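Since the structure comes first, as structure tokens, the remarks are kept for the end.
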Amino acid sequence: MTEHLTLRRPDDFHLHLRDGDLLRTALPFTARQFARAVVMPNLKPPVTTWRDAAAYRERIRVALPAGVPFEPLMTCYLCDTSEPDELREGHARGVFTAAKLYPAGATTHSEYGVTSTAKIARVLEAMQEIGMPLLIHGEATDPEVDVFDREAVFIERTLQPLLSSFPALKVVLEHITTEHAVAFIDNDTSGRLAATITPQHLLLNRNAMFAGGLRPHHYCLPVLKRERHRLALRRAAISGSRSYFLGTDSAPHAATFKESACGCAGIFSAPVALEAYATVFDEEGALAHLEAFASENGSGFYGLPLNSGTVTLTRATQQVAPRIDYGNDESLVPFMASMTLPWQMVTPASSTA
Ligand code: NCD
Ligand code: ZN
């Protein structure tokens, strides 16, 4: 049995870092494991210009613990009014790595999002030309569509036509949750379509939201799906296919906002991210494919250099904290709170060379 696992330093290709106290609390958890992260732009107000993104990147750098090497990769929040030149300039200046398409109303802080992809056609043309990846929250927002069908309907009604209209646009379907998404990605032979997969969608099915009562800390968007879909995601993640890579979608919210009559969506997985993925790959007998998923496939797709340095995980039971306090009497409840995981990251001091 493998007891220690040393991987090339991984990247998180889908991360919410927030701002202020939340940023200062959440960031060290990510930076101790990951060399880089694609930082989501759904702040309030959202990050829509390269100047906003450069300023946010600076706040992230300032919030980093001293001596921890970590590179935030910034994204542009697309709106109906986004201008191609803003993206071109942000890309040329090395500020924007990618742009994020939130269908308006699909998820947390998506109210400024895109109401129809036709509205951003000029932006997508520019992105296609400069090779900038489009990151998609792939859920239909039509209120008639059942919440559990939103991803499948989005793929059919929106993603398929978008890919046909922009045949060279690089697209990442973020945080996929269904066998439909896996089939769609597997079907693509062009290499310009990829997907991120979160730890919660690999470890839990939708029963987890209702286990003994309503479990707000298992609520995220896209929502957890049935077991059949979880198994399809597992097969995809461990397959070794270069189209799948690590993106935690770690999304911290103050516990009071989650434990509420109208609790918000988002799971704070950063504290246990790599260990959670290792647990999945281990359970599937596929630890040999973890490094590709966590440390190679994403940078390959984005055209980024591979990281140097390594991280080491060891097979040792860890008890996950029930809560993490921050700010003024607020706390965050991490993914797998109060539960145990069979893997533990070794302190990174030796692994950040
Ligand atoms: C994210 C958030 O809280 O910002 N929430 C979530 O449930 N994943 C937004 C998102 O990625 O959909
Ligand atoms: Zn997200």
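The structure displayed is predicted, hence computed values, not measured ones. Order of appearance sets the numbers: ligands from 1, and atoms from 1 within every ligand.
Residue side and main chain included, Glu174 places no N/O/S atom under 2.8 Å of the Zn ion (ligand 2).
Aromatic pair His201/His229: ring centres not closer than 6.0 Å.
In terms of N/O distances under 3.5 Å, ligand 1 is approached by Gly266. Where the criterion is an N or O separation shorter than 3.5 Å, residue side chain and backbone included, His137 meets it with respect to ligand 1.
Looking from atom 4 (O) of ligand 1 to the surrounding protein, the closest heavy atom is Asn42 ND2, 2.7 Å. Among all non-hydrogen protein atoms, the one lying nearest atom 1 (C) of ligand 1 is His16 NE2, 3.7 Å. Of all protein heavy atoms, the one lying nearest to atom 12 (O) of ligand 1 is Thr107 OG1, 2.6 Å. Atom 8 (N) of ligand 1 has its closest protein heavy atom at Asp249 OD2, 2.7 Å.
Under the 4.0 Å criterion applied to side-chain N and carboxylate O atoms, Glu227 and Arg230 are assigned as salt-bridge partners. Between Glu111 and Lys44, at least one side-chain N (NZ, or NE/NH1/NH2) sits under 4.0 Å from a carboxylate O, which counts as a salt bridge. The pair Arg234-Glu283 counts as a salt bridge, with a side-chain nitrogen and a carboxylate oxygen less than 4.0 angstrom apart. Checked for salt-bridge contact, Arg88 and Glu129 meet the test: a charged N lies under 4.0 Å from a carboxylate O.
Around the Zn ion (ligand 2), the angle linking His14 (NE2) with His16 (NE2) is 110°, rounded to 10 degrees.
Ligand-side atoms of ligand 1 in range of Cys220: 7 (O), range being under 4.0 angstrom from any heavy atom. The distance from ligand 1 to the heavy atoms of Ala265 drops below 4.0 Å at these ligand atoms: 3 (O), 5 (N), 6 (C), 7 (O).
By the rule that hydrophobic residues join a cluster once side-chain heavy atoms approach within less than 4.5 Å of another member, Leu246 and Leu313 end up as members of one cluster.
Closest approach of Pro10 and Val311 over heavy atoms only: CD-CG2, 3.7 Å.
Thr198 is not listed as a side-chain neighbour of Phe335, based on a closest heavy-atom distance of 4.5 Å or more.
In this structure, Lys170 satisfies the cation-pi test against Phe301, with its NZ or CZ atom closer than 6.0 Å to the six-membered ring centre and inside 45 degrees of the ring normal.
For the residues His14, Glu139, Arg18, the heavy atom positioned nearest atom 2 (C) of ligand 1 is part of Arg18. With distances taken over non-hydrogen atoms, the option nearest atom 6 (C) of ligand 1 out of Leu15, Leu221, Leu43 is Leu221.
If you look at His253 next to ligand 1, the close heavy atoms, those under 4.0 Å, all belong to the side chain.
With respect to the Zn ion (ligand 2), Asp249 has OD1 as its nearest N, O or S atom.
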